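Small disclaimer: the values here were computed from a predicted structure and weren't measured. Lettering of chains follows the sequences in order, A, B, ..., and the numbering in each one begins at 1. Note: hydrogens, waters and symmetry copies are ignored here, and every other heavy atom, side chains too, is used.
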Amino acid sequence: MDTRFVEGLNPQQAEAVTHEGPALLIIAGAGSGKTRVLTHRIAHLLASGRARPHEILAITFTNKAASEMRGRVEALVGPEARSMWVSTFHAACMRILRREHDAVGLTSTFSIYDTADSVNLMRLVAKDLNLDPKQFSPKALAARVGRFKDELIGPEEAVRLTESASRFTLEHVAGQAYGPYQARLEAANAVDFDDIILKSVRLFEEHPDIAVKYREQFRHILVDEYQDTNHAQYVLVREFVGMGGAGTGTATASLTVVGDADQSIYAFRGANIRNILEFEQDFPDAHIIRLEQNYRSTQTILSAANAVIANNTERRPKNLWTDAGAGERIVGYAADTEQDEARFIAEEITRLMGEDNRAPSEVAVMYRANAQSRAIEERFIRAEIPYTVVGGTRFYERTEIKDMLAYLAAVANENDDVAVRRIVNTPRRGIGDAAVEGIEAAARAAGVSFGAALRRLDEASRMTARARAAVEGFVALLDDLRALAADNGPAALIDAVADRTGYLAALRASDDPQDASRIENVMELVAVGREYGEENPDGTLTGFLEKVALVADADQVPDADGGGGVVTLMTLHTAKGLEYPVVFLTGLEEGTFPHARSMETPGELEEERRLAYVGLTRAKERLYLSRAEVRSSWGAPQYFPASRFVEEVPGDLVDWRRSEGLDELERARAERLSRRGESWSGIYGTKGVDRATGTLDDRRVPPSPPGSAPGPDLGLGIGDRVSHDQYGLGRVVALEGSGHNAVAKVDFGDLGVKRLLLRFAPVVKL
DNA sequence: GTTTCTTTTGTTTTT
DNA sequence: CAAAAGAAAC
């Protein structure tokens, strides 16, 4: 046996690395070294001669994980390993679909629609079907259609399955909308995210010759994070392995999957734990290896995580252990407000950087929803803590970037209706709603796409001469860009789009302060294009668009470099697979985490708990749990009781602290918020909170909900001095309105006179 | 057709 | 409170 790759591994890990057999399931507990096992297994396959690099297909959850895995294997066995396929499901399928596009009925320039594009397309479908967008939001319909695709259900079958449902359910309407949606998608020569997998499955099912070709190539399939695969991905794996329906006479490939049912956090997107629980039934002669020793966390952290996950009933018990010492106690902090929570985190990080000599890159702050980063960011800026937010309003989802990319997509694919419609009047060029309607009518009459109809305007008689001229100008512009794209790389095209379309000029001319940063973003996209051109000398426009479409949140996580670095802020979902010496788990309140919308159904609540488990197990040495009693989600601030997940952590593991040493200003603000927050929403339960321990207490039931929140009565008069969180000190110069709508005009000196709606404004009377 | 004002709505989580 | 959508004025 080749012992090079098992040195320093425990017996289970070593067995997982060297096991020979048709199917292997590695049940890997959190922090059990699964990434190492997977990379060493690949290295072992290569070094022992069982596999050649091009015979390996390894599926990871993110592109970043893929490039790291490839790098490690190359370091272990040499550069020839480069010809392995290591990528996400989506990237692997795209590679196949591009190659075999004829067989799936696409032209080579097909577009990829992300979630936002799908919703836009669904908006058109909903309009065609006369659906009320308030009753059935395009977003919900698009998501439901996506779930059909995850289950490999086609439009006709979806209609059949949902016709019995009441006509006015999302279920039924989505079934009806699926067909028209898919028709529009295909007419646009585009695929959405779910199609990438679905069409790959269909390709293999309907073209046995192609299936056999890939099966003969890939002799070893490895899938990481198997607990988060959906049905379509499961069927695809079976096709790869040779256990699918299509093709005959091909020997099956070996299959290795790695996963942990306790870390399944994507059921909302179609992931099915069944895939991991029933692996043995699915793949005969399957062997199972459990990795139950944790090498990541201290015993304290692990005990907390084990205690929390034990509350899930739909679960096979697991015995995850460590021989690391107890380590530091967990620190809990019950803050008054989200600002107070942020202040605590910032102070604690500053202290850790000083006293414990921690680098910022050793610290991560995690939260349930992206919007929660805001208060923390504001505080970090003030405290001068270097940080990055991963995900959030993602770069590629910003309006200006989507606009620019829509130009590129329209240039690459004339039939891409979502892209063409997005830019037809951006920047303004005199093609308004009426003109768009006319073009639409022409497109329908001629049975062509919106983009193609731009050239056939004679058929749209109702259009004004001016609009017609504007459209002609637009068509000429696109043709110019197409000519340029024909013999230049994507970088040159992005440059041209920014300049020749007048997009940058419009931003520069605007007096909206936000447009300054939009210009920067556009320039950054230009830089991204240049970088792509340098890294891929023969990279194409479609290649660039594909790369951009498939970037994931987790791909942007900064590397943990030795010197300094930055604190990472991210959602718990993005944190999957990562680890940090110091982790802050924030917003542990009923309604925030678990999220209010997941608290109704037991299944969703258990998924929230798995998410908590993922969060807890990211920490190696120090773990902080924090919550805010008052959080201003939107509108009025609200009280939130402590999260049940906090209570599920054994009390002796946690050192609870409460806000102390608030300065006068902050205390006044906390009081003010409390005064207002007493309007109890009622949807988050009826338990009170023991302020000393931060735990739920049935005896302390909050005040009953008043019909309307009491207006703030600051007792302000003209001439009073006030303090504002942002503007600082000021003097009241006028008062308008009363009660709920009371407004004060306050002179903040250099900052000028501001009109403040007292219901919201963060002001304190001094 | 475009700008500006007013009203409404919204926060899960993401390949 | 902010962003987006809708309505009215230009």
Could you run down the sub-3.5 Å N/O contacts of the protein with nucleotides 5-8 of chain C?
none

Between the protein and nucleotides 2-5 of chain B, are there any N/O to N/O pairs under 3.5 Å, and if so, what are the atom names and distances?
unit_1, atom_1, unit_2, atom_2, d
B:dT2, OP1, A:G430, N, 2.8
B:dT2, OP2, A:N425, ND2, 3.3
B:dT3, OP2, A:R428, NH1, 2.9

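Between A:H573 and B:dT13, no base-stacking contact is recorded for ring centres under 5.5 Å apart and planes less than 30° from parallel.
Aromatic ring centroids of A:F593 and A:Y367 lie 6.0 Å or more apart.
Residues meeting the side chain to side chain contact (heavy atoms under 4.5 Å, CB included) test with A:R508, sequence neighbours left out: A:L504, A:I519. With sequence neighbours left out, the side chain to side chain contact (heavy atoms under 4.5 Å, CB included) criterion links A:D224 to A:K34, A:L38, A:V258. For A:F89, the ring-ring contact (aromatic ring centres under 6.0 Å, His included) criterion is met by no residue, not counting sequence neighbours.
Between the side chain of A:R597 and the base of B:dT12, no donor-acceptor pair under 3.5 Å is found.
Contact annotation: A:T571 side-chain N/O to B:dT14 OP1/OP2 distance is under 4.0 Å. The side chain of A:T574 places an N or O atom within less than 4.0 Å of a non-bridging phosphate oxygen (OP1 or OP2) of B:dT14. Proximity of A:N370 to the phosphate of B:dT14: a side-chain N or O atom is located under 4.0 Å from OP1 or OP2.
Aromatic ring orientation, A:F148 versus A:Y178: parallel (interplanar angle below 30°, classes split at 30° and 60°).
The residue A:Y266 sits close only to the backbone: its heavy atoms come under 4.0 Å of sugar-phosphate atoms, none of a base.
For the strand DNA chain B, secondary-structure stems (runs of at least three Watson-Crick or G-U pairs, all distances below 3.5 Å) span B:1-10 with C:1-10.
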